[in-house]
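Residue numbering restarts at 1 for every chain, and letters A, B, ... go by the order of the sequence lines.
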Amino acid sequence: MKKILVLKQFKDLNAAIALAPDELLVETKLLSRTGDLSLAELFLIMNQDWGETNLILNWDILMTDKIMGTIISEVEKIPLEKFAAIRVQDLGALEWLSLVKPVCPIHLNLETGHHNIVAIKSHLDLYPSVTRVVLSQELESSTLQEYLKELKVETELMVLGQTLLFYTPRHLVTPLYESSEENSLQVLATSEESPHKGFPILENRHGTFMFNIKDHCLIDHAVELKEWGMTAIRIDFSIEEHFELIKIAMDLCESFDSERFALFKTKYPRQLSKAFYRSNKSDVLFKKLKNAHLGSIDQGVLGAVVEQRKEHYTALKLKSEIKKGDLPLKAKLLTTDGKWIEVSVKSLRNAKGEDVESLQKDDIALVNPLRKASVKALLCKEELN
Amino acid sequence: MIVTELLSPAGNLEKLKVASLYGADAVYCGGQQFGLRAASDNFSLQELEEGIAFAHAHGTNVYVVLNAFLHDSDLIELPDFVEDIESLGVDAVIVSDSGVVEVVKNHSKLPIHLSTQASCLNRYSAQLWKKHGVSRVVLGREVSIQEAAEIKKITGLEVEIFVHGSMCMAYSGNCVISNYTQGRDSNRGGCAHSCRFEYSLDSQDQEKKNAYFMSSKDLQGIRFLKDCVDLGIDSLKVEGRMKTHHYVGTISKVYSEALKFYREHGHFLSDQMLQWEAELGKVSGRDGGAWNMKEAAESDSIFNKRETNEESHNLAGVVQQVFDNEIVIEVRKAFDRNDKLELIPFQGAIQNLSLSRILSLNGLDIERTNPGTLVRIPFNGSASAMNIIRIENR
């Protein structure tokens, strides 16, 4: 299993060489969300003797049409063949590269919005130059295991690094300070409306980024990922500043040792999390967001209760015609808490309180007070339930 | 010649009818699953059937949103749902996830519109989605009108852009704050709107600041309708499936009237534009502007304020039935005879509602109404069921 480090700043170059990863993801100011390398520095890096290390160029910014035009004119100056692959996230970059560099290997970053195998494969079917997919941190381990059996291309997962929560092209922090938008700016954001404190915020030329307070860490699962067939794992952490920690992390990925991992965690500067690796239940709360009982009735609704005046009437907005000749009408009421109550409709008046022979769909009907009725309860045909 | 479509939100069946009656050319709505508004009422299949029949009878198209980023298990029930809605006569589906695109293609002949959630921002991305089989792209809210027109010209796809409503601050589909902080998948309908919170910002070099720095002002693009029409934008979308009848009706009425006026006259009148803007101001909460439609949004697009309900007008009720000289209103906000109420007709001028009497359905005089009740009000003007009654806040 290949180990990937990320080179964001030129000062990390020697440390990166010393760590000799299998792959080095190179991040420039021009093309990468959080990279800080100039194009001149990129050219120096490209011309370095990297031995066994393959260079991957990261092009992960999202681009409007106008910006993409400008970016392309710069990318055309870069000898892309010097890289083992180009990593893209904007699907427009994938399309452009496949047009102008059809044989250039592409690593497609699917960390966002790709949580089913059909979606992942749909891109692979159309773009044979995609040789690797970068998988989402929101996938559970069991899902990853399945995907690794099914996918015929290389796969990659971040095992250590910050989790990006939010990405906007707008500059949100500099307006608050006397600071130039040219420089990157880092702050910590805390809201009283959230129990979580100190979200790292970065603003740079590409916009504003918010990261999770806990870094993502699956180092203790690297061995199983390798067994399942993961091609590459990524450690995305400032190389020079945390040289020793990265070295330990790389060792642990190769050969796990729980005591050493415990020590690693004590030395790590931020809290660590496995996020959704064990289980992703991020949709289970939805059922509590609305009344599940009333949405489930598809047929046989006579009307919805729009007003209940005990002792006087129940007002219904009719969904189908009711005739006086049908009375007394045996029916069932589906209450807002999901209970079925047998009721009998014995009288029928219009919204002015006048006796009528029949009322049509969408008319307001006043019927005798129906027990347990409340607004939004549904009057249904007797055979329903 | 392309007729630019006005596409309004329909959070439930009643709002679908409101949008259609107030002039929307098309509406978008969600079923009970697969959309991004888990907390919205949404539609059962029976409601969808009724909604489609109603909309089509009024010349309005219906698009169903399937724009969540689905997990594998979510896909199991999708084919049946797609087949069901196709049989009901839905005009298109709105999709973000390429996996969902595949399922829709394999189980129906429904036209596929790519949701803004996919953040399609440039011509190459649009071209990719064309290869996937979409016929229309709802472009990211960062794309200008001019760029949208270029994308249309180059790709031959229909293009849709947002013209009004709340805006995500993040690139759509690229915000997972709720996932990690609340355990709710924002891309499957669980967005907790963390971007609207106030944050205190700590920096090593700068003084501490408190700000709503991630909250975006709303979009209001009525001043740029001319550009949208002239440049051949196919569809103009209004955000807001969670919003009120008042919002849906007012926005649909104003924008449809403006589009009609421009189609008929080829220009706008400045007085009329001011009038339309005043109407929009009665339902907008966060200082609307035309962010990104011409130029990239800058710092003045940040809504650095606490969320409030300080609109000048609210929804007082919806007309449920019309009799000679009397209307029946379902009350949404309490009012009494001293309040200033206005009836918004589907077309034409707003009418004042004189509250000489307020009657219960029993015929008893009422001093003050209660939300969730029905009342009768004498009215000699022209009214229709589903007309909106608004109240000026005192």
Chain B heavy atoms under 4.5 Å from [X]: which part of the residue, side chain, backbone, both or neither?
X      : result
A:H114 : side chain
A:M68  : side chain
A:L164 : backbone
A:E192 : backbone
A:L126 : side chain
A:T112 : side chain
A:D125 : neither
A:L110 : neither
A:I213 : neither
A:S273 : neither
A:D363 : both
A:F211 : neither

By the definition ring-ring contact (aromatic ring centres under 6.0 Å, His included), identify the one residue from A:F209, A:F166, A:Y167 that meets it with B:Y171.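 Per the ring-ring contact (aromatic ring centres under 6.0 Å, His included) rule, the option paired with B:Y171 is A:Y167, out of A:F209, A:F166, A:Y167.
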Report the C-alpha distance between A:K197 and B:D202 in whole Å, list the side-chain angles of each, state the deciding distance to 0.1 Å, and finish with yes or no for salt bridge (charged side-chain N to carboxylate O under 4.0 Å, His left out). CA-CA 11 Å; A:K197 312 289 177 204; B:D202 271 318; over 6 Å; no
Take B:E50 and A:K361 through the test salt bridge (charged side-chain N to carboxylate O under 4.0 Å, His left out) and record every step on the way to the result. CA-CA 11 Å; B:E50 184 180 342; A:K361 179 175 176 294; 2.6 Å; yes
May I ask you to decide if [Y]'s main-chain N or O and [X]'s side chain share a donor-acceptor pair within less than 3.5 Å?
X      : Y      : value
A:H196 : B:T181 : yes
B:K209 : A:L176 : yes
A:D65  : B:R123 : yes
B:S98  : A:A119 : yes
A:D90  : B:S125 : no
B:S299 : A:P175 : no
B:Q321 : A:I364 : yes
A:Q186 : B:S203 : no
A:E307 : B:L374 : yes
A:T64  : B:E142 : no

Option in [options] with maximal non-hydrogen atom pairs under 4.5 Å from chain B:
options                : result
A:N212, A:D362, A:L165 : A:L165
A:L139, A:V118, A:L172 : A:L172
A:K66, A:M210, A:H123  : A:H123

Check this for me, if you would: do B:E102 and A:K121 make a salt bridge, where the nitrogen-to-carboxylate-oxygen distance has to be below 4.0 angstrom?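 Between A:K121 and B:E102 there is no salt bridge, as every charged N stays at least 4.0 Å from the carboxylate O atoms.
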Quick one: do A:K352 and B:D324 make a salt bridge, cutoff under 4.0 Å?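 No, A:K352 and B:D324 are not salt-bridged.
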So what's closer than 4.5 Å to chain A heavy atoms on B:S194: side chain, backbone, both or neither?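 Contact with chain A: none, neither part.
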Assess whether salt bridge (charged side-chain N to carboxylate O under 4.0 Å, His left out) is satisfied between A:K317 and B:E330, documenting all intermediate values. CA-CA 10 Å; A:K317 174 104 169 174; B:E330 185 184 1; over 6 Å; no
Does a donor on one side chain sit under 3.5 Å from an acceptor on the other, for A:N116 and B:H71?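 Side-chain D/A pair, A:N116 to B:H71: absent.
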Rounded to the nearest 0.5 Å, what's the gap from OG1 on A:T208 to CE on B:M169? Could you check?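 A:T208 OG1 to B:M169 CE: 8.0 Å, rounded to 0.5 Å.
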Measuring from B:E198:CD to A:S191:OG, what's the distance to the nearest 0.5 Å?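 The OG atom of A:S191 is 7.5 Å from CD of B:E198, to the nearest 0.5 Å.
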Before giving the answer on side-chain contact (heavy atoms from CB on, under 4.5 Å), spell out for B:Q46 and A:V301 the whole-Å C-alpha distance, their side-chain angles and the decisive distance to 0.1 Å. CA-CA 9 Å; B:Q46 189 188 33; A:V301 178; 3.9 Å; yes
Contact check, side chains of B:Y199 and A:I201, non-hydrogen atoms, under 4.5 Å: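 The answer is no, as the side chains (C-beta and beyond) never meet within the 4.5 Å cut-off.
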